[in-house]
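Structure, as structure tokens:
Because the structure is predicted, anything quoted here is derived from the model rather than measured. Throughout, a chain's letter reflects where its sequence line sits, starting with A, and its residues are numbered from 1.
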There are 2 protein chains.
Amino acid sequence: MTAVSTAPEAFPGDLQVHPAARLRSILDSVAAEDGSLPPLNDELIRALRLPDDLPETLGIGEVAEITGITAHTLRYYERIGLVDTGRDASGRRIYDREALGRVAFVTWLRLSGMPIAAVSRYVELVKAGPQTQDERLGLLLDQRAAIVAQLRDLQGALAVVDYKITTYGGSCGA
Amino acid sequence: MTAVSTAPEAFPGDLQVHPAARLRSILDSVAAEDGSLPPLNDELIRALRLPDDLPETLGIGEVAEITGITAHTLRYYERIGLVDTGRDASGRRIYDREALGRVAFVTWLRLSGMPIAAVSRYVELVKAGPQTQDERLGLLLDQRAAIVAQLRDLQGALAVVDYKITTYGGSCGA
DNA sequence: GCTTGCCTTCGAGCGCACTCGAAGGCCTAC
DNA sequence: GTAGGCCTTCGAGTGCGCTCGAAGGCAAGC
């Protein structure tokens, strides 16, 4: 896994491709210089919970800016039940820390390729109470396996692309 | 990157999710026991070129079975110009080694998240001749960067999911 | 001859995940 | 008071990548 260290730029312009660019930049901040990532550490978890110097509550525009997810999409997520928010006196959405955490969590799941239906199911289970823990764990384990499979696919694709790059000029076949 | 070694099964049943399941199983055959992958080696490349004990030419049904891509999708790929094939006397598609190699290559690119439009562009450039090598290399480098970014995203998601699994029972937020 | 089965083309349809536009409300600044 | 800006809801539209069905051809086997 050689160079391509585009690390310095904190907020790349590919929002269309990856709505969670900003979350990724948060992840970047806890990643090592060589691009490797801690498998699981407190710093990362704290990053997920988002910085402490944020205001107590945020408007949808601020959440959009922080997470890189459009306000339209945030409303869509709420409409389909993925994230609940409060409202102020004039009916505007209020995101507190917990709501922001949910947005972040949902975004990570989506980023890992989990279909919205599955995320939705998970959120439903959480709302349903503690007796659903087994099924929730099952969903997470399934998703973990899916992530591992994707990692393997991507490593294979990386090998193929690297081969093409090193021998580039060859034909399309193989 | 701990266990979840579902390695033994050669042909998992998730064709819908990953049309390239069989290609992945070929990749598996060159992967180490612990799931790690060689970044780039001759064996993998040979695997991409597909086994030597295949018939010289294949029908679309055979290609579908080998690659895990449906005949419908193979026809679609041909229709949009991603893969050319020959025809027999009665108009049926004939896939030779080269065509099979192209199917495999295209599948790897798709698996890495490259949009069809970009794959299409790449194939066009190959057809256009050697003077397009620079642009081809550019496309490949872009895709390499995209793969690396995806790997990072997935590793982050894996960390988040692992955190949830190890602390499971918690709320949905964070 | 007739069935079976795999193939052909063409065009339409589908599922997912947004994405956008219209029409309007509320608050602040000038 | 009015303009600007950010917000609201609702429903429709978009783009991607398949996915499918219909209608029919061709060759082998009974």
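Between A:Y77 and C:dC18, a side-chain N or O to OP1/OP2 separation shorter than 4.0 Å is present. Between C:dC18 and A:R110, a contact under 4.0 Å exists linking OP1 or OP2 to a side-chain N or O.
Taking atom CD1 of B:I94 as the reference point, atom P of C:dC7 lies 13 Å away to the nearest angstrom. Atom-to-atom, CD1 of A:I80 to P of D:dG11 comes out at 16 Å; the value is rounded to the nearest Å. Distance CG (B:L82) to P (D:dC18): 9 Å, rounded to an integer number of Å. Computed from coordinates, the B:R87 CZ to D:dG25 P distance equals 17 Å when rounded to whole Å. To the nearest angstrom, C1' of D:dG17 lies 12 Å from CD1 of B:I69. Rounded to whole angstrom, the span from the OH atom of A:Y76 across to the P atom of D:dA12 amounts to 16 Å. Whole-Å rounding puts the B:L111 CG to D:dC18 P distance at 11 Å. To the nearest angstrom, C1' of C:dC7 lies 12 Å from OH of B:Y95.
When distances run from any side-chain atom of A:R75 to the nucleotides D:dT9, D:dG17, C:dC18, the shortest one goes to D:dT9.
Summarising the geometry, atom CG belonging to A:D153 is positioned 12.5 Å from atom CZ belonging to B:R110; distances are rounded to the nearest 0.5 Å. Summarising the geometry, atom CG belonging to A:D134 is positioned 10.5 Å from atom CG belonging to A:L125; distances are rounded to the nearest 0.5 Å.
A donor-acceptor pair is defined here as one N or O able to donate and one able to accept, closer than 3.5 Å; such a pair exists between the side chain of B:Q150 and the backbone of B:S112.
When all heavy atoms of A:A71 and A:I60 are compared, the pair lying nearest together is O-CD1, 3.6 Å.
A side chain to side chain contact (heavy atoms under 4.5 Å, CB included) with A:V103 is found for one member of A:L58, A:T73, A:L82, A:T67 and no other, namely A:T67.
Of the residues near DNA chain D, A:H72 and A:R92, the one whose nearest nucleotide (by heavy atom distance) lies more toward the 5' end is A:R92. If B:I60 and B:R79 are placed on DNA chain C by their nearest nucleotide, the residue sitting closer to the 5' end is B:I60.
A:R93 comes within contact range of the sugar-phosphate backbone alone, with a heavy-atom separation under 4.0 Å but no base atom that close.
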